[in-house]
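All chains are named by letter (A, B, ...) in the order of the sequence lines, taking the proteins before the strands, and each is independently numbered beginning at 1.
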Protein chains: 4
Amino acid sequence: MKEKRQLILESAEKLLATDGFHGLSMQKVANQAGVAAGTIYRYFDDKEALIEEIKLNIMQRVATAIQKDIDDNDPIKVRFRSMWLNIWHFAISEKNTFLNRNQYEALPSSNLIKLKELEKKIFAQVNQLFIDGLEQGVFKPLSVEILVGLSLEASVCLARKHSQGFFTLTDDDLNSAIEASWDAIIKH
Amino acid sequence: MKEKRQLILESAEKLLATDGFHGLSMQKVANQAGVAAGTIYRYFDDKEALIEEIKLNIMQRVATAIQKDIDDNDPIKVRFRSMWLNIWHFAISEKNTFLNRNQYEALPSSNLIKLKELEKKIFAQVNQLFIDGLEQGVFKPLSVEILVGLSLEASVCLARKHSQGFFTLTDDDLNSAIEASWDAIIKH
Amino acid sequence: MKEKRQLILESAEKLLATDGFHGLSMQKVANQAGVAAGTIYRYFDDKEALIEEIKLNIMQRVATAIQKDIDDNDPIKVRFRSMWLNIWHFAISEKNTFLNRNQYEALPSSNLIKLKELEKKIFAQVNQLFIDGLEQGVFKPLSVEILVGLSLEASVCLARKHSQGFFTLTDDDLNSAIEASWDAIIKH
Amino acid sequence: MKEKRQLILESAEKLLATDGFHGLSMQKVANQAGVAAGTIYRYFDDKEALIEEIKLNIMQRVATAIQKDIDDNDPIKVRFRSMWLNIWHFAISEKNTFLNRNQYEALPSSNLIKLKELEKKIFAQVNQLFIDGLEQGVFKPLSVEILVGLSLEASVCLARKHSQGFFTLTDDDLNSAIEASWDAIIKH
DNA sequence: TATGAATGAGTCTTCATTCAT
DNA sequence: CATGAATGAAGACTCATTCAT
């Protein structure tokens, strides 16, 4: 029964979003999922494995969200705007997941290399965007990772602070912020 | 005896940097500080309070580091560069503190408002930089918080990824990154 | 299907010899036997019953081993020597079974009386040896049980310590030990 | 407070004697000792350490019992008889401890060598008895360990079976058994 | 009959917190 | 003020047993 595995995963994710990392005990996950504690261990080797899977799950969701409705044939700027906004909207719609991101991000992954490869794969369109920009000479000659850090990560930073209630952005601000991110990476 | 309180605080911070959040038990803090476990409770209500204080302590250290050797009379660009590099070097010299930052940053602060006020105070010079930039019409007309998020936060993002070993930056890259951050916030 | 019962029994015994008493979980037994966990319960009431049966099984094997190639018509001394050596060799060839013996031997048997009767039956030739010795006036006038305890049990003791690596016996030592056991029970 | 450590040790031993190895959970030990579960861990690293200590404790008690009122200057035969009877009486008076001996005896000791050395030390008088016997040419020329196995261990075997109710010995039987053990090891 | 997913009580162990000294 | 022994409620994980299929 594949469903139960999924059920556990979702329950764990929900708890993580709600109570943060502290609130993630196997017992609570079991309760949330409506299964016995022992049942979890039929589907996951141990807590670490469960968390690892959650990370992958979320990463996948994030990737899907960011790359939603992105057409690789669209102009670079259009794609950039879309992704930026996708991040923004995802951050707002899944506020808790997003805010807690820090907590499991810092956790040591058992296989960092495999993770990075996976990342490259599921964020292929993001990658493509920057490769295209570099090839077309639009972007500053920096590595893709750095360019991402300078532009889209800013979106993430702002979204987090926004979610934490540090400040609010008008639509105009939002547009300006996108333009600013764009300014950061293009040649002038 | 004010010293003992400070002693505990420093011991806790040290443990946090060394063993991460996981390894922070009151007993270990007590051992590290050379006091009895119960003694901690004379100076801090509970573990949460201790952690809260650690956060503040670190925030103070970060502020000091960022604003080191900054002269408010220097040109904006000069100050910006200095701060950017200060962040970068701090991230490298206190790598563990920096990487673990994520872990306690996400913890819910009991009094967010007070925190924000404090932040404004201890990061006064950072604030001043952006206010000056806005007044002189150099920066895009956005709030200080947003401008910070678009520029200096990028430094933090890059530094973190750098510390995690995701990539390395040459000196040229570093300069380009600073320019990029600058490009993000200035008018074009 | 009588075979499946036997299959489970043998698998359990094997695990016991390999992993000791600690490693004997019903799940492992099931895996080893290639049946489902639930299936075990068709043939055995519970774990205790399974273990009880294992004990009997092993006892039977021990009896067979000890009485191997024993001819009730041979002289007493010859039979005694053979049995002593049979014990010794069995202990060496089935070292693990032998060493773990302690662990389940101590477990409370539900029906001690039945066990004793069974013992008398399957160790009939051992019994016969001592009865013959007593009748012929060779042995000291003590009960069979005591005589066994004074002579053959010594073989078991020595074999165990030998298996545990406490000491090693040369062939000469072995012969001397047999003679010593013999000296213990004969009249002088 | 040395008492509490001892209290826990004794409680654990008692449980071991009463319920066997199965009944030895840390929680039960705590209950029996009237302390909190966590308290045990102030005095013992983990369950294994506790058990190890129990083993040593019992071994010490056994040694003390066996060598009680033994005068190394007494004739060999006298000492032998005394020890034999000491074993016998100890087995009867501490029946449960004795019967469960098997269970922890089989447990793997973390440091077997140290254990054997200790054994040699605390059973010094037993050792001395056999050394004297060998030197005086009374005993068969075998190693001490083997001689012990052939004589005093028989006492242990008989005592165990006696305790288990397999048979009973009259005083005459007892004397005969002692003589038989003696016969096993002396030259004829 | 056989299966094996599910159960949940029980295991060892940790640790924030208290309180008598 | 300081101590540190004691607490006991969680924590992660195991495993004998059941039961719907």
Nearest whole angstrom, please: distance from the [atom2] of [N] to the [atom1] of [X].
X       : N     : atom1 : atom2 : answer
A:Ile40 : E:dA6 : CD1   : C1'   : 12 Å
D:Glu3  : F:dA6 : CD    : C1'   : 15 Å
C:Ile8  : E:dT3 : CD1   : P     : 9 Å
C:Phe44 : E:dT1 : CZ    : P     : 14 Å
A:Lys4  : E:dG4 : NZ    : P     : 16 Å
B:Arg42 : F:dG4 : CZ    : P     : 14 Å

Can you list, pair by pair, the side-chain donor-acceptor contacts under 3.5 Å of residues 24-39 of chain D, counting residues two or more places apart and other chains?
| unit_1 | atom_1 | unit_2 | atom_2 | d |
| --- | --- | --- | --- | --- |
| D:Ser25 | OG | D:Lys28 | N | 3.1 |
| D:Thr39 | OG1 | D:Ala36 | O | 3.3 |

Please name the pair of heavy atoms, one in B:Leu9 and one in B:Leu50, separated by the smallest distance, quoted to 0.1 Å.
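That closest heavy-atom pairing would be CD1-CD1, 3.7 Å.
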
Quick check on [X]: does its [atom1] atom have over 12 non-hydrogen neighbours (other residues, nucleotides or ligands) under 6.0 Å away?
X        : atom1 : value
C:Lys47  : NZ    : yes
C:Lys14  : NZ    : no
A:Lys161 : NZ    : yes

Q | Test side-chain contact (heavy atoms from CB on, under 4.5 Å) applied to A:Thr64 - qualifying residues, sequence neighbours left out | A |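 With neighbours one apart ignored, the set is A:Gln60.
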
side-chain contact (heavy atoms from CB on, under 4.5 Å) partners for B:Lys114, two or more places apart: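 For B:Lys114 the side-chain contact (heavy atoms from CB on, under 4.5 Å) partners, ignoring immediate neighbours, are B:Asn111.
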
Its contact letters, B for base, S for sugar-phosphate only and - for none at protein heavy atoms under 4.0 Å, make nucleotides 12-21 of chain E read SBB-SBB---

Nucleotide nearest [X] (side chain, heavy atoms from C-beta), chosen from [options]:
X       : options             : value
B:Val35 : E:dT7, F:dT3, F:dA6 : F:dT3
D:Ala36 : F:dG8, F:dA6, E:dT3 : F:dG8
B:Tyr43 : F:dA2, F:dT7, E:dT7 : F:dA2

Does D:Lys4 count as lying over the ring of D:Tyr43, i.e. NZ or CZ under 6.0 Å from the six-ring centre, within 45 degrees of the axis?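 Relative to the ring axis of D:Tyr43, which defines the angle, D:Lys4 lies outside at least one limit.
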
Counterpart residues, salt bridge (Lys or Arg N to Asp or Glu O under 4.0 Å), relative to D:Arg61 (two or more places apart):
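Testing D:Arg61 for salt bridge (Lys or Arg N to Asp or Glu O under 4.0 Å), a comparison that skips the adjacent residues, returns D:Glu13, D:Glu94.
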
For DNA chain E, the expected dot-bracket line (Watson-Crick or G-U under 3.5 Å, [ ] crossing, | inter-strand) is .||||||||||||||||||||

